[in-house]
Protein chains: 2
Amino acid sequence: MMERCLLLTGVAESGSIHFQAPEEIHFHSEEELFIQQAVVLIEDAIHYRSVNHRLDGRSIKLYRWYYSRICQWGLNAGIFVILALAFIEKPSSLSVTSDLRFKHTLWNPPCGLTEVIEIICLLVFTLDLVVKSYLIGREEFLKCKWLVGYMVVIMVSVIDWTMSLSMTCDETVRIRKLLRPFYLLQNSSLMKKSLKCIKRTLPGITSVILLVILHLCLFTIFGMLLFAKRENLEEDMERELYFKNLSQSLTSLLVLLTTANNPDVMTPAYTLHRGFSIFFILFSGFGTYFLMNLLTAIIYNQFRGYLVMSVQTSILRRCMGIRAAFDLLHCQSHRDITFSEDDTIECIPVQTVQMVMKRVQMKDYYREAIMKKACQSYSGRIPREAFQRLFDELDKDRIKKHHPLPEYSSKFLQMVQYIFTKHSVTVVGNVVALANVVCICIILVIECEKTVSEREDYLETVNCFFILYYLLEMLLKMTAFGWKTYVSYGSNIFDGSLTVLLLGLQISIFSTYRLPFSYWNPVHGGPIALWELVRLVNMLIVFRFLRIIPNIKLMALVASTLVDLVKNLRAFAGILVVVYYVFAILGVWLFKGAITAHSANLSSTVNSRIKAVNKSLQCGSYEQLGYWSNNFDDFASALVLLYNIMMMNNWNVFLDAYSRYTTEWSKIYFIAWWLTSSVMWVNLFVALILENFIYKWDRNQGCSNGDMERTNLETTVQLMFRGQIEEPTEEEVVTKLHAHHHLQHLTMSVSVDQT
Amino acid sequence: MMERCLLLTGVAESGSIHFQAPEEIHFHSEEELFIQQAVVLIEDAIHYRSVNHRLDGRSIKLYRWYYSRICQWGLNAGIFVILALAFIEKPSSLSVTSDLRFKHTLWNPPCGLTEVIEIICLLVFTLDLVVKSYLIGREEFLKCKWLVGYMVVIMVSVIDWTMSLSMTCDETVRIRKLLRPFYLLQNSSLMKKSLKCIKRTLPGITSVILLVILHLCLFTIFGMLLFAKRENLEEDMERELYFKNLSQSLTSLLVLLTTANNPDVMTPAYTLHRGFSIFFILFSGFGTYFLMNLLTAIIYNQFRGYLVMSVQTSILRRCMGIRAAFDLLHCQSHRDITFSEDDTIECIPVQTVQMVMKRVQMKDYYREAIMKKACQSYSGRIPREAFQRLFDELDKDRIKKHHPLPEYSSKFLQMVQYIFTKHSVTVVGNVVALANVVCICIILVIECEKTVSEREDYLETVNCFFILYYLLEMLLKMTAFGWKTYVSYGSNIFDGSLTVLLLGLQISIFSTYRLPFSYWNPVHGGPIALWELVRLVNMLIVFRFLRIIPNIKLMALVASTLVDLVKNLRAFAGILVVVYYVFAILGVWLFKGAITAHSANLSSTVNSRIKAVNKSLQCGSYEQLGYWSNNFDDFASALVLLYNIMMMNNWNVFLDAYSRYTTEWSKIYFIAWWLTSSVMWVNLFVALILENFIYKWDRNQGCSNGDMERTNLETTVQLMFRGQIEEPTEEEVVTKLHAHHHLQHLTMSVSVDQT
């Protein structure tokens, strides 16, 4: 028996480390403490947390409090609020339009308001930092770069905040704004891992990027040689517009690589001679199809391996948590029993396990599964291997159980139940929903030339009937299934809530406008115009039509992949948020007010008189296309602008406009954003979709048809790569546990008690 | 012994099939025939051809003649010529520009010229068809749909041809033009396989396409509800421009799905209110990033499996060829030896194998490897298993051997050899090439504002020196390595030929313009202007700079992947050619002359006076962008236009222009092309790049550094999937062989002889 306890106390017995024994331990409270510690360790295992934290009585309470739902919720709220501040801070995004020409900011926060909110958030983060670093101890704190960074970021933010207050909010640059996304990153371990993956992917990409640069440079030189200056103005158009100098040639071809100026860039030369098109087709074909797709391939290839690797550490953490909990319980139970049984196999009593499991905070479904497994298989005592295998239940798919149908005595109700639990009723419901959408569509097509106020009220009448049908369907289904079973289907909740909403809207329309004694005029007056309400009803009906998706098998697979993706890609979405945030703040800082309303008005008045006056404004420029609302004048419009650049179409317009209104160097910002968003992030996203879909597909091939329920199973990143992951070996876990500081202290106290 | 021969003659002994025995077989010529048959079967195995063809003496000669290099070359030339005809047929592409406004066709073929060429090609194809169908026999011919199709296509073409001649080339529609790509398809087995793969991928894609359509339709209805007609013109802009009716709304959103009208489509609404951007961002974000990438994932997933499957049939064909050859030789040798040895293991004499192998047409390298292996391992006789394993050599990588360096007696030459065989010399050469390119670049930047005739002749002088250096480097390397070794490196051939070309150009420049007694004026005169020649020199120097690629390791990997891709994707390139051809012919047929020079001149004169006169020509239209050279008026410009649509940027401009100039239905053509090219083909291409790169990468990870030679190994599709392919089982091969008609006849004759 001693062997196992010794394993944990190995370092302690070598005698080099001293510790404070827990003071005033009564026997009962001591057992209580053991249970508490085991509970915390198992909770760590469940949430893939590191077991490397303080484990004395007080710290455990703090630890559980820190990881309680309220605390974590508070922290997340803090992060959300501090990130959202960017919308209302000066330059505030609170205006109806972001168009330069018509922008009137509705409300600017007074100096001090956002600062007060900010300092509250910073206080929350400071508290978080203090608790976290106390729990893991000073040594570990210094090892963890993220926590040190956290401290530095908070300190810099506070200093920046005081400076900002002392200048009465008149400063132009707020460094702390740029640092804010760090809080988001720091708080999610999955995001940190993804970031690590991305960091490791970078060297692999450089080779292709180098090849792209080489490709670009060679073709730029070719292009400049090909389109050298000629005397004939007609023949010189290509050079004049796209190959005037080195910088312009590079930009033209870089943009062509993203296809954003595809036929335009070749038009002047191609008009002169067919042969010139070969130059452009070679460049864009090779660059866009070969090189850019090769980038996707490299990212997919590199990234896949690393994601598996990082999930490996999660699995190791889980194993360590379980093992530590077992060792703890084992030592404790043996101290009580005092060597009464054979000690060749290490075991712990089932009661202890049950006691621990009852107090672990986890989903009831999994708790029940584990408790059941613990009771079933082993009479009285659970050996180590079996204890570890108990927690494999956590990785198993959760099969949703539906409540039993209610039993009715009335013949009528029985018949209703018989009919409305059939699948064909759902099909009929879908057909009716389709009919409704088709109705809306037809009326839209017929009436598309009429203004909203002129429209007849067919639509409203038709919708009324359909909504009544929906209501009836819902009520009958509810009777047939019983309330609990009805609610346990996601599709029913979707249907039901939309039906109730529709009913509510319809009633409000009726009561406000249609009743003979109603106060409001149906055409113009009313708190909300009638047609706005009708429109809302129509939209909801169209939205409700989405219920058909799970009923088409292949579509259900695709749709469930999408839902899974959304769930699993939270980490990537987080990184996208971070990147958007940083670039938006940077953009606002660099380019705010670069394009002024004056220039906008000037060119718009010029435009309205004679368009051809300003010859430099060729077709396709920012001014001609009227992109005035895409600017960096506030945070919200910067986000939309960045999205538009990410979509890559016409991004050259922004590149060109900002390099005209500011300097040539502004191109660096846009190209950096292009590389980050379109090249890196989109490719990462493609890689993840490929991975996720192929996994899902392979999994679904097994259960070919029938069990649609299976496609609704939850899949986590950890589960996704389960097949490819090796379980950590016994030795690995033990060695790692040895290295942990707090566990040593703890088990040492046990062994000291025993001697 | 009889067991094996019986296996092949099993069907014959049941006695149901009768046959004609080869007439007048002398003993010597009979043995000769056996060898011939074995040779043909092994050649079939090497080229993955079916063994199912006639094997009598005369047919074998015909067969080998048919598959000889000259015949196949002739056939390919016929296919090339008939496809290339589209460029010179009316509407001929022989004009300097395809611009509607300035197009003057240089030469139109007289009626009958292209027709004569065409009928010659058709005769070649008829001959091909006759020989092919004779060789495989009537029964097999009827089973093979491709051959029947071939016959039908030729017949239809000939009928169409006669009709065309009888109408003295005045007909508008030539159906045979549309059918031409069939000859290309029919002639490549890899292409046929790829087509089968694509066909099988289609059902998998439909679910996503359905989801895309659902997404599109729902958002169209949403959009039409959202942007209903209002009284205020300012507020009605969005509807007026993009959501006027159902068809326009659908088009707008479909184009948005391809991002081709991204910021434009939201601009009017976004200018009114920020909130509208959410609608567009939701639509395009979900559609473009999720759905379109899911399509990539599905195609990748589906396609991978099928490519492996189709390669499987190639492997089966090879096994069958080898096995049939073995059985034949086995039966024959046993007839000669008449049961002299123990018959538990089936064997054939090594001499026979060597005799056969000597006559097989194959690469010498592989022949030597196989012969060597045959001699080495087995003394006198080769058992069946070993015989089959001999041909595994074909799948092995070919390791290039370089000739030994020449030995010099002269001390100076020895020193030259010592220095110039070092790697560092290559590095110095690369640095010099880089310096040259940088020089060109600098001079370009300095002189970019001067016209070509004003330019100083620094560049020429500088280039002269560099070219002399290149020449010296080439000569010294040649001396060091000796001619044969020098030529055996691809990089040296690249270097050398460019250097010789540069030298030639430089000498011609010098002799034409720079010598005191030269006749031509350097600025204007001369057969080719001086600057054209200088420009060519510069371009070649830049091109020569590409020699650095194999010297950078990661880049070499990427580049070699690209080279491999180009080799392996011939089949896909072929399918792309087919698709382009069909759509271009169809486009010319449907839209020729839709946009007339009149309308072009009209709007261009209007444009030059007051741009804003025609209000319907909003910025970004075909007319404003001056896309006049992108039209369907001849085959060449149709190809460029299709390429531009494939690149997807601004494809909506063409969609819009052709629907304005012709009918709304023309949109179907453009959308069909978008689906075929951008959606299907590009995704297939991505799938193949992913597959190819990941395979290559995994393979390269093994030999991590040093052996750069390995990255230059050839990889074929068959090799690529070698790991995933199961060898066909013994039984499978035998069963398949049994089913073959001609083999039965053949071996039957052997067994009859024996009895």
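Values reported hereafter were calculated over all heavy atoms of this structure, with side chains retained and with hydrogens, waters and symmetry mates removed. Below, read A as the first sequence line, B as the second, and so on, with proteins coming before strands; counting in each chain starts at 1.
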field: Residue part contacting chain A, namely of B:L536, when any heavy atom lies under 4.5 Å
entry: neither
- prompt: Checking heavy atoms, do the side chain of A:S247, its backbone, both or neither come under 4.5 Å from chain B?
  reply: neither
field: Selection from B:V445, B:N245, B:V640, B:V686 maximising heavy-atom pairs under 4.5 Å formed with chain A
entry: B:V640
task: Please flag which part of B:T271 lies under 4.5 Å from any non-hydrogen atom of chain A: side chain, backbone, both or neither.
output: both
query: Quick one: which of A:Y270, A:F222, A:F227, A:F243 gives a ring pair (Phe, Tyr, Trp, His ring centres under 6.0 Å) with A:F276?
result: A:F227
field: Flag for B:N262-A:N650: side-chain donor and acceptor within less than 3.5 Å
entry: no
message: For chain A, which candidate among B:G626, B:G285, B:S93, B:P268 shows the most heavy-atom pairs at distances under 4.5 Å?
response: B:S93
- prompt: Which atoms of B:M266 come close to chain A, meaning under 4.5 Å heavy atom to heavy atom: side chain ones, backbone ones, both, or neither?
  reply: side chain
query: Just by distance, with hydrogens left out, do A:Y627 and B:D264 show a side-chain donor and acceptor under 3.5 Å apart?
result: yes
query: Taking every heavy-atom pair that is under 4.5 Å apart, which of B:S637, B:S277, B:G275 has the most such pairs with chain A?
result: B:S637
task: Check each atom of B:S284 against the heavy atoms of chain A and say whether the ones under 4.5 Å are side chain, backbone, both or neither.
output: both
- prompt: Checking A:L641 against chain B: side chain, backbone, both or neither under 4.5 Å from a heavy atom?
  reply: neither
task: Salt-bridge test for B:R274 and A:D99: reply yes if a basic N is under 4.0 Å from a carboxylate O, no otherwise.
output: no
task: Considering only heavy atoms and a distance below 4.5 Å, find which of B:T267, B:V682, B:L294 pairs most often with chain A.
output: B:L294
query: Do B:F685 and A:F290 have their ring centres less than 6.0 Å from each other?
result: yes
- line: Bottom line for A:L272: the part with an atom under 4.5 Å from chain B's heavy atoms is backbone
- prompt: Is chain A contacted by the side chain of B:F545, its backbone, both, or neither, given a heavy-atom distance below 4.5 Å?
  reply: side chain
query: Using non-hydrogen atoms only, which part of B:T258 is less than 4.5 Å away from chain A: side chain, backbone, both, or neither?
result: neither
- request: Could you tell me the separation between the OG1 atom of B:T206 and the CG atom of B:L211, rounded to the nearest 0.5 Å?
  value: 11.5 Å
- prompt: Quick check: are there more than 12 heavy atoms from other residues, nucleotides or ligands sitting under 6.0 Å from CE of B:M539?
  reply: yes
query: Given that the side chain runs from C-beta out, which part of A:F102 has a heavy atom under 4.5 Å from chain B: side chain, backbone, both or neither?
result: side chain
message: Is it true that B:N261 and A:N649 share a donor-acceptor pair across their side chains at a distance under 3.5 Å?
response: no
- line: Scored by heavy-atom pairs under 4.5 Å with chain A, the best of B:L546, B:V542, B:L246 is B:V542
- request: Heavy-atom distances under 4.5 Å only: say whether B:T288 touches chain A with side chain, backbone, both or neither.
  value: side chain
query: In terms of heavy-atom proximity below 4.5 Å to chain B, should A:I298 be classed as side chain, backbone, both, or neither?
result: both
